[in-house]
Amino acid sequence: MQPQHNIRRLVELYSAMCRIRAFETAALTAHKEGVIPGPLHVSIGQEGVATGVCLNLRASDRITSNHRGHGHALAKGAGVQGMMRELFGREGGHCRGKGGSMHIADFSVGMLGANGVVSGGIPIAVGAAQGLKMTKSDAIAVCFFGDGAINRGPFLEGLNWAALYHLPVLFVCEDNGVAAFTRTEAVTAGPGVIARAASLGVPGETVDGNDVMAVDEAAGRLVAEVRSGKGPRLLQARTYRITGHTSTDAAAWRDPAEVAAAKTRDPIEKLANLLSERGVAASEIDGIRSAAEAEMAEAVADAKAAPWPDEAIAYDDVQDVGAVAFGGRA
Amino acid sequence: MSVQSVSLVEAVRLAALQEMRRDPTVWVLGEDVARGGLYGQYRDFLPEFGAERVVSTPISESTIMGAGLGAALVGTRPIIEMRIFDFVMCAMDELVNQIAKIRYMFGGQAKPSVVIRMPHGIWRNSAAQHSQTLESWFVHLPGVIVVTPSTPADAAGLLVTAIRSDDPVLFFDPKNLFPVTGEVASVIEPIPFGKARRVREGRDLTLVSWSAIMPAVEQAAATLAAEGINVDLLDLRTLWPWDREAVCASVEKTGRLLVVHEAVEAAGFGAEVVASVIEDLGPAGIKAARRLGAPRIPVPFAPPLEDAVKVTPDKIVAAARGTMR
Ligand SMILES: Cc1ncc(C[n+]2csc(CCOP(=O)(O)OP(=O)(O)O)c2C)c(N)n1
C-alpha cells in the first residue's frame, strides 16, 4: 500500500480502468455480433498502464498510440459516444467513420491518434514534443507503444532524436511480452527496452503495469521531470494481454495456465481488493463498475441506432487543393 | 497429372512448398512465418524445413527487406514476406534504392533473386493503412517484375516462376481472394511472366483487369453478355512485363477498350494500358478507350464509405456501356 494514494485517487484510478474494460468488453461483444466491422485490438488486462499514465496528464498534453489504442484514448478523456460510433463506422464517430478502431483519435483532448503501423506513433510524438517546446508550451507529449515496436528503426531514431534535442516526451513501452502472435523475447536481442533507452541517453524505469498505483506513482514523477525540462524519459510497464491479438484471435497458442495466472494479477481485481481492504464498501466498488458498464451499454445502443455516414463523406478531408468532388471524375 | 480444388491461399502455400522442397536455397523470412503466416500461407513449413529456412523475424521491415537482399547476394533465394502490403512503406529504401538498383548500378555483378510477397488490397474494412493497392508505383520502377494474379492456378504457377526467377519479383497476393477456390495441378508448372489469360472471348469490347477486382469484372462481363455486349476479357496476371500484344490484338478486333483496376484511377496502370494501345493502333483504330479505378481518396473504414470507393460490378457495367456509345 502506497501512502500517497488516498482513497479518492484510488477510486479515480479504479473508475478509469473500469471504463476501459467496460468499453472494450462491450465492443468485443458487438464485434462478435457482427455489428462492429474491421479488426478490433483490445487491451483487456493492460488498463493499468493507460490509466496510470494518462491520469497524470493535462488536457493540453498530447499522446500518440498504437493499434491497441482504446484505453489510451479513453484515459486521455476522449468522448465515449464518438469513440463507440467510430468503432461502429457510424455518423458522429470521432473520425467520421474513416478510421475505425485501429485509427481511433480525438484531437480535441490531445489524443493524436492510434496507428495501424507498428511504431508509427513514435516519431510523431517526438515531433509533437519538438513543436510544443518550440512554441514554449508547458505541455508534453506521451507516446504509447508495445514491446514489439522496439525492433523497428523509428524507435531508435525517435529516442536518439528526443535525447539530442532534449524534448519533452515520455515514451511508454507497454510490455505485454507478445507482439501479435510471437513472444517478443524470441525476436528481441539484448537486455531490453531500458538498456536501449539508456544507451541513447534516455533514462528509463520499469514498473509493474498491472499495479496501477505503481504506474501512477512512476508516471507522475516522470511526467513532472519531463515537464520541468529535464528531457525525455521512458517508462516500461510490464503487463499482460488477457485476450488475443485481434478480436478473431483466440490466442490458443498460449498455455491456458499462463492466462489463468495472469487473470489473478488482473489490475482491476487487484485494485478492487485493495479498495475493500481500505474500507470502501462492496456496494460502492460494484457501483463504480456497473456505472461504467451502463455508460458503455448506452454508448453501444447509441452507436447501433446511429445512422450510417453519407457516402459523400468519403470524399471529404482528403486535401484542400485538388480534391476529387463527390460524384465527379476521379 | 492430377488436379485438386483448393483455395488461393492453399495454392500459394503448395507452390512455395513445392519450390522449397525442390531447391534447398529457397527460404522464407517475415513476421510470424514460422507460425504459418498471417493467412496460413506457410502452414506446416516450420516442421518440414526448420527454423533456418522458415525465419520468424522481429517487426523490422527494413531489415526483413534488406537482409533478404543480402542473402540473395550470396546465392540463396529468399521469399520476403511483408505480411500486408502497406508495411512495405517501412522498407522502401531497401526495395527501391537497393533491390531494384543493385544489379544495374554494379554493372551486372549482383543477382537480387528475391520474391517480395505483399498481400494487398481492400480487405474486411481494414481502413486506409491496410487496404492499399499501389502496384502502379512499382511498374514505374525499373529493375523489378510485378505480379498480380487473381486465381489459385495463376497465383501458384506465377509464384513458382517468381521463386525460380533471378530478377526481383514483387508478388502481390490478392488477400481478399485468399478463400476463393479453383483447380490447381498436383505438380505446379511455372507460368511465364508477361502472358495474359483470356477469361472470356468476345467481339464487342476488350476488358482488361488483374488481381482482386477480377471476380467483380467477371460478374460485370456476365451481366453485359446478357445485354448482348460480348466482352473479350483479359486478366493481365503480370503488370511488368505485361502482355501488350494480346491487349492490342484484342482491341484491333473489338475497337473498344476498358481497363479496370481496384487502385486509384489517376496515374494507375490503366493509363499505361490505354496510352500504349492508342500508340500502337493509332487513334483511328479505336472507337473508345477508358479506365475505371477508384476515386483519388484513401480507403475509408465504415462499410458505406468503403463501398463508395470500391469499383463494383455495377460501376464496371456502367463504364462498359459508356464505351459502347
Ligand atoms: C510496421 C508494421 N509491421 C507489422 C504490423 C502488423 N502488426 C500489427 S500489431 C503487431 C504486433 C505489435 O506488437 P506490440 O507492438 O508489442 O503490440 P501488442 O500487439 O503486443 O499490443 C504486428 C506485427 C504493423 N501493423 N506494422
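Residue numbering restarts at 1 for every chain, and letters A, B, ... go by the order of the sequence lines.
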Given a strict heavy-atom distance threshold of 4.5 Å, which part of A:Val118 is in contact with chain B: side chain, backbone, both, or neither? side chain
Determine the minimum heavy-atom distance between A:Ile150 and A:Cys173, stating which atoms define it. CG2-SG, 4.4 Å
Tell me the residues of residues 82-96 of chain B whose non-hydrogen atoms fall below 4.5 Å from those of chain A, in number order. B:Arg83, B:Phe87, B:Cys90
Grab the two heavy atoms, one from A:Gly113 and one from A:Phe107, that are nearest each other, plus how far apart they are. N-CE1, 4.4 Å
Relative to chain B, which segment of A:Leu87 carries a heavy atom at a distance below 4.5 Å: side chain, backbone, both, or neither? backbone
Residue part contacting chain B, namely of A:Asp317, when any heavy atom lies under 4.5 Å: neither
Do B:Phe269 and B:His261 have their ring centres less than 6.0 Å from each other? no
Taken in chain and number order and not counting sequence neighbours, the residues that satisfy side chain to side chain contact (heavy atoms under 4.5 Å, CB included) with B:Thr181 are B:Ser5, B:Ser7
Between A:Glu91 and A:Arg96, does any NZ, NE, NH1 or NH2 come within less than 4.0 Å of an OD or OE carboxylate oxygen? no
Need one label for B:Leu38: side chain, backbone, both or neither, based on atoms under 4.5 Å from any heavy atom in chain A. side chain
Would you mind checking which part of A:Arg90 comes under 4.5 Å of any heavy atom in chain B, side chain (CB onward), backbone (N, CA, C, O), both or neither? neither
Under the ring pair (Phe, Tyr, Trp, His ring centres under 6.0 Å) criterion, do B:Trp123 and B:Tyr39 qualify, and how do the steps go? CA-CA 12 Å; B:Trp123 185 56; B:Tyr39 316 88; 5.6 Å; yes
Heavy-atom pairs under 4.5 Å with chain B - which of A:Pro154, A:Pro309, A:Gly148 has more of them than the others? A:Pro309
Greatest number of heavy atom pairs closer than 4.5 Å to chain B - which of A:Phe155, A:Phe181, A:Tyr315, A:Phe326: A:Phe181
Taking every non-hydrogen atom, the tightest pair across B:Val259 and B:Gly270: CG1-CA, 3.7 Å
Pick whichever of A:Ala189, A:Gly93, A:Gly100 has the most heavy-atom pairs under 4.5 Å with chain B. A:Gly100
Main chain of A:Pro123, side chain of A:Glu157: is a donor-acceptor contact present, judged purely on distance under 3.5 Å? no
Does any heavy atom of chain B fall under 4.5 Å from the side chain of A:Thr188, the backbone, both, or neither of them? neither
Check whether any side-chain heavy atom of B:Asn176 lies under 4.5 Å from a side-chain heavy atom of B:Glu262, and answer yes or no. no
Specify the closest pair of heavy atoms between B:Pro303 and A:Trp308, including all atoms of both residues, with the distance to one decimal. CD-CZ3, 3.8 Å
Can you name the residues of residues 130-137 of chain B that have some heavy atom under 4.5 Å away from a heavy atom in chain A? B:His130
Could B:Arg35 and B:Asp32 be called an ion pair, given the rule that one side-chain N must be under 4.0 Å from one carboxylate O? no
Inspect the contact between A:Glu33 and A:Lys304 and indicate whether a charged nitrogen and a carboxylate oxygen are less than 4.0 angstrom apart. yes
Establish, yes or no, whether a centroid distance under 6.0 Å links the rings of B:Phe45 and B:Trp27. no
SG of A:Cys143 to CD1 of A:Ile122: how many Å apart, nearest 0.5 Å? 5.0 Å
Output yes when a side-chain donor or acceptor of A:Arg238 lies under 3.5 Å from a complementary backbone atom of A:Gly177, and no otherwise. no
Any heavy-atom pair between the side chains of A:Arg183 and A:Trp253 that's under 4.5 Å? yes
Those residues of residues 60-69 of chain B that come under 4.5 Å of chain A on a heavy-atom basis, listed by number, are B:Ser60, B:Glu61
Smallest heavy-atom separation, A:Ala197 atom then A:Leu234 atom, equals CB-CD1, 4.0 Å
